[in-house]
Number of protein chains: 2
Amino acid sequence: MYIFEVYQQVMGNSKLYKGSLHTIILKLLEENGKMYGYEITQKVKEITKGELQITEGALYPALHKLESEDLLDVEVAKVDNRMRKYYKLTEKGSIETVNKLKELEQYIRNMQVLVNPKWSIE
Amino acid sequence: MYIFEVYQQVMGNSKLYKGSLHTIILKLLEENGKMYGYEITQKVKEITKGELQITEGALYPALHKLESEDLLDVEVAKVDNRMRKYYKLTEKGSIETVNKLKELEQYIRNMQVLVNPKWSIE
DNA sequence: ATCTTATGCATAAGAAAATTATGTATATAT
DNA sequence: ATATATACATAATTTTCTTATGCATAAGAT
């Protein structure tokens, strides 16, 4: 019996993803209106061509946290006899999304000048 | 008596910096040959125009970790009667620097397509 | 002269955010 | 039948910071 182990390439394959999960979730919800947890993991996997796999242990606590901060609204649905919890941005969440994206852009800018002083900051 | 508090803007002002300290240190050492801890904090502050302040509580343990992984060599010096510990990349450290920079580029690419599907990945 | 700020290192306690490991349950494919 | 996919949840542990100390010398300000 042969066992082919598939190494799950999780967030933190490169540790850099640490701290960017909330930004990712908020932006995907801004883009797609409403999504449920599992859908988010699949979307991220698809967009990054499998490079970034969000683990459930990170995702669900993050969604709960964002909800508790009134950045997300939840709506429970039953599809094919399976539960789904659809999340969407609140008004506060939309504002926070803009802030988080600005922080991301600034972070990227700073990292670029730190690691490559020759790059222009346009 | 008036007290003007200066709020130190530390790493994690935006949480995104979590996980990027090792990359920053390695790249600065690649760029500058050898540096001591305090010098690194000042260089980062200068390059990011004060936006990113590396705290000592993060920096020194990080340097010790990199040293223990044989990525850095240390050389102690005494300048103006004060101790300095100069760090430089080992051969292994140089290789790891290249890897970390590739990971950073990939991270930035992935985040860009995640947050802005319209951006080109060049 | 004295006090503050800057330089330079170090470590311990606590918090935050992930990983890893479980657990439950239904649907689908082999 | 059995494994995989779908869909949620949480607890234990680890990693990586922040915050709070501690020590020591030099330089600048009042």
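The model shown is predicted, which means the values in this text are computed figures rather than measured ones. Computed from heavy atoms alone, side chains included, the values below leave out hydrogens, waters and symmetry copies. A note on names: the letters A, B, ... follow the listed sequences, proteins ahead of strands, and every chain is numbered from 1.
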Which pair of non-hydrogen atoms, one from Gln106(B) and one from Tyr17(A), has the smallest distance, and what is that distance?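 Taking every non-hydrogen atom into account, O-OH, 4.2 Å.
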Should the pair Lys27(B)-Glu30(B) be classified as a salt bridge under the 4.0 Å nitrogen-to-oxygen rule?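 Salt bridge: yes.
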Within residues 67-87 of chain B, the residues having a heavy atom closer than 4.0 Å to DNA chain D are Asp80(B), Asn81(B), Arg82(B)
Starting from the 5' end of DNA chain C, give me the residue, Gly37(B) or Ala62(A), whose nearest nucleotide shows up first. Gly37(B)
Could you go step by step and tell me if Glu96(B) and Leu26(B) meet the side-chain contact (heavy atoms from CB on, under 4.5 Å) rule? CA-CA 8 Å; Glu96(B) 183 59 17; Leu26(B) 292 172; 4.1 Å; yes
Pairs under 3.5 angstrom, nitrogen or oxygen only, protein versus nucleotides 13-15 of chain C, please.
none

Kindly point out which of dA9(D), dT11(C), dT19(D) is positioned nearest to the side chain of His64(A)?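 Of the candidates, dA9(D) comes closest.
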By the 4.0 Å heavy-atom rule, please label Glu56(B) as base, sugar-phosphate, or nothing.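 Base contact.
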Contact class for Gly57(B) vs. all strands (heavy atom < 4.0 Å): base, sugar-phosphate, or nothing? base
Partners meeting side chain to side chain contact (heavy atoms under 4.5 Å, CB included) with [X] (sequence neighbours left out):
X	value
Val79(B)	Arg84(B)
Val74(B)	Glu67(B), Lys85(B), Tyr87(B)
Thr90(B)	Asp73(B), Lys92(B)
Asn32(B)	Leu28(B), Met35(B), Lys43(B)

Atom-to-atom span, CG of Leu66(B) to C1' of dT15(D) - whole angstrom: 14 Å
Tell me the interatomic distance from Ile54(A), atom CD1, to dA7(D), atom C1', rounded to whole angstroms. 15 Å
